[in-house]
Structure formats: C-alpha cells, structure tokens
Amino acid sequence: MSDKVIRAAAIAGLVATCAACASGGASYSGFLSSYDGLAKRPGSVRATVYERRDEAMAAPIEQLWITPAASHSSEALSVEDEHRQAVLTEVDRQVCYELSKRFTLIDAPSPDAGTVKVGVTRIELTNQAGAAASAVANFFIPGPVSLRAPGGVGGLWAEAELLAPDGAQAAALVWSRQAMVVGADKPSLSPVGDAHQLAEPFGDAVAAALTPRDRKPRPVATPDPCERFGPRLRPEGLLLRMTTGLYQPELSGAKPRPRDESSGEPGQRP
C-alpha cells in the first residue's frame, strides 16, 4: 500500500474528530475590564473567538504600550511554573511581533498611548506519550500535515484588550483553541508544547481584533521594538520540526523573562 493511500486513510479516520478538538469554548475569566458587546467572530473554524472593537475609539491610537502577559484564572493553572512562564514569554513575543506591524510600540507607559493587556486563562497540557507516538507515526507518513492522537492534544485559552489613553476599553478579545488532530500543529515532548505553539495564532488574533479596520500593515521599525523578546525566526527550530516532526519550545527563540532579584520570581520586562 502506498504512502499516499495510508495517509489518506489515516486522515479520513481522524477528520471526524478534528472539529471537536479544534477549540475548547469561550473563556470569561474576569481578566478583561469589560465583556460587554463581545460577539463571536463569523467564519472562525480552528479557534473559538469572541471580540469587540469600537472603531471611533481605536482609530486614533497610534502608540502602544504592551504589558507583560499574565496568568489569570478562577482556578489555579495546573502547570509547573517553569512551563507556565515559557508559555507567557512566547505569548509576549507573538503579540509584540504582530502588533508591531500595525502600531508604534513604546517601551514604557505613556499618557498619550494606548495600553494592551493580555491574560492567559487556561493551559491544557499535551499528552507526551501520545505526542511521541504521533511523531513516530508521522515519520512513516511523510508530508506537511501532522496526525495527532485524539484526546492527547493540548490547548491555550487567552484574553486581550486595548485600552485608550483615558483607560476606556477600545477593543477586546476572548480566544481559545486546542491543537488540531489533523493539521499543522506538531506533536511535542513538552507538556506545554501545544499551548506554546498556539501562541502564534493567538498573536495573529490579537492583532486582528485590536487593529482599527482601515489600518494597513507596515514594515517593522528599526531597531526592532520586539528584539528584547528574541529573534522573529530561529532556523534551528524550523529545521528540527522538519527533520523530526516535533515542536520544541526551547528552540522558538523566545528569551526568558528577567527575574526580580529581590524575590527570585520572573519580573516584568523593561
């Protein structure tokens, strides 16, 4: 039996469960200053997205201060601190990258600038044994699409808002997604591998939700305002995914958050 036939059969067997695993539903954690007016984004398939934007309030905002991503949940996130910080750092990185293409980013709060706040409200862990088995199976079924074991995928739930200089909410987003059983989401041996790689589509969603309708993408400023988060592309991470089929968070390029010397805890970025 050819590789194409095997792959087609495997995809057919899993596609029925794909939609159920694509998203974990809306999260209303209390992180946002307001949830009024949120509406489900039409046409969203992979993620569950609720958003609102006041065009009149958002349009004049040109400069942004992005606060460091925070954990926020009514229940404790059942994730070791090291892994939780890795996800928060990657969320910082991806949100910065995407917003830098639409706004002028500044490195400190300003009374004339807007403020973006981001909260991670839930992290669903990746089943490492299932991910390892998926990586082995994908090795024998070559191609760009990964096949994952149903029930073993992780996910990310997060929220974001844009505040005008006067503190009023100009835009808001509630977003959640689980890794795809059939798709481009690579298996990972890290318990937060799926949540970590889902930070990228979350960053895309933040930019789409918070950017005024008529704002066009622009070249990234020089020097890069997101340089402190790490490089925008790290070739060795891409090479590892291509050769092994595995996603490794440590090779994403994200820099660890600086630690507060007085407490030993990760602190805010400058």
Side-chain angles (χ1 to χ4, degrees), residues 41 43-44 46-47 49 51-69 86-120 144 156 158-165 169-173 175 177 184-186 196-242 247 249 251-258 268-270:
R41 180 187 296 176
S44 182
R46 295 182 178 180
V49 183
E51 59 188 358
R52 181 192 73 84
R53 183 174 63 244
D54 186 316
E55 291 292 342
M57 292 179 63
I61 300 175
E62 165 59 29
Q63 292 188 325
L64 281 186
W65 154 244
I66 306 175
T67 65
V87 173
L88 291 174
T89 299
E90 184 67 5
V91 168
D92 281 337
R93 177 173 173 253
Q94 296 296 338
V95 168
C96 185
Y97 287 169
E98 294 306 318
L99 291 179
S100 69
K101 302 173 187 176
R102 279 89 168 175
F103 297 87
T104 298
L105 304 187
I106 57 177
D107 57 8
S110 168
D112 299 321
T115 299
V116 171
K117 294 185 175 181
V118 178
V120 171
L156 178 68
E159 303 177 7
E161 65 181 353
L162 169 63
L163 303 178
Q169 188 189 77
L173 169 73
W175 184 95
R177 185 183 153 190
D185 303 324
K186 298 296 185 183
H196 196 276
Q197 62 185 309
L198 290 175
E200 182 176 0
F202 173 65
D204 293 337
V206 169
L210 274 51
T211 302
R213 183 183 301 112
D214 296 330
R215 184 78 52 88
K216 302 297 183 183
R218 62 185 70 174
V220 176
T222 303
D224 190 336
C226 305
E227 183 178 3
R228 66 188 184 276
F229 296 109
R232 290 182 181 252
L233 177 64
R234 191 169 177 184
E236 55 266 47
L238 179 61
L239 180 62
L240 179 75
R241 291 196 295 273
M242 292 175 61
Y247 177 86
L251 294 182
S252 70
K255 294 181 179 179
R257 289 185 174 189
Q268 291 192 349
R269 294 182 182 275

Counting distance only, does the side-chain N/O of Arg215 pair as donor-acceptor with the main-chain N or O of Ala59 below 3.5 Å? yes
Ignoring hydrogens, what is the shortest heavy-atom contact between Leu156 and Phe202? Give both atom names and the distance. CD2-CB, 4.4 Å
Could you measure the distance from the CD atom of Glu90 to the CD atom of Glu200? Nearest 0.5 Å is fine. 8.0 Å
Mark yes or no for whether Asp92, through its side chain, and Pro68, through its backbone, hold a donor-acceptor pair below 3.5 Å. no
Heavy-atom closest pair (Pro165 atom, Gly114 atom, distance to 0.1 Å) is CG-N, 4.4 Å
For the CD atom of Glu161 and the NZ atom of Lys117, what is their distance to the nearest 0.5 Å? 6.5 Å
Below 4.5 Å, heavy atoms only, C-beta onward: do Arg177 and Pro201 meet side chain to side chain? yes
What closest approach, in Å, do Ala209 and Ala172 show between heavy atoms, and which atom pair accounts for it? CB-O, 4.5 Å
Side-chain donor/acceptor of Arg93 to backbone N/O of Pro231, under 3.5 Å: yes
If we check side chain to side chain contact (heavy atoms under 4.5 Å, CB included) with Val91, which of these qualifies: Thr89, Leu88, Val95? Val95
Checking Glu55 side chain against Arg213 main chain: does a donor-acceptor pair fall under 3.5 Å? yes
Return the minimal non-hydrogen interatomic distance between Trp65 and Ala108, and the atom names on each side. CE3-N, 3.6 Å
Closest approach of Ala170 to Arg52 (non-hydrogen atoms, all atoms of both residues): C-NH2, 4.1 Å
Let me see the working for Glu159 and Leu173 under side chain to side chain contact (heavy atoms under 4.5 Å, CB included), right down to the final yes or no. CA-CA 5 Å; Glu159 303 177 7; Leu173 169 73; over 6 Å; no
Could you give the distance from CG (Leu105) to CD1 (Ile66), rounded to the nearest 0.5 Å? 4.5 Å
If the test is side chain to side chain contact (heavy atoms under 4.5 Å, CB included), which one of Thr115, Leu162, Thr104 qualifies with Leu64? Leu162
So, Arg53 side chain and Ala208 main chain: donor-acceptor pair closer than 3.5 Å or not? yes
Restricting to non-hydrogen atoms, name the atom on Pro225 and the atom on Cys96 that form the minimum distance, rounded to 0.1 Å. O-SG, 4.2 Å
Residue pair Thr211 / Phe103, side-chain heavy-atom distance below 4.5 Å: yes
Glu227, CD atom: more than 12 neighbouring heavy atoms under 6.0 Å: no
Run Asp204 and Trp175 through side chain to side chain contact (heavy atoms under 4.5 Å, CB included) and show every step you take. CA-CA 11 Å; Asp204 293 337; Trp175 184 95; over 6 Å; no
Please check: side-chain N/O of Arg102 versus main-chain N/O of Pro217, any donor-acceptor pairing under 3.5 Å? no
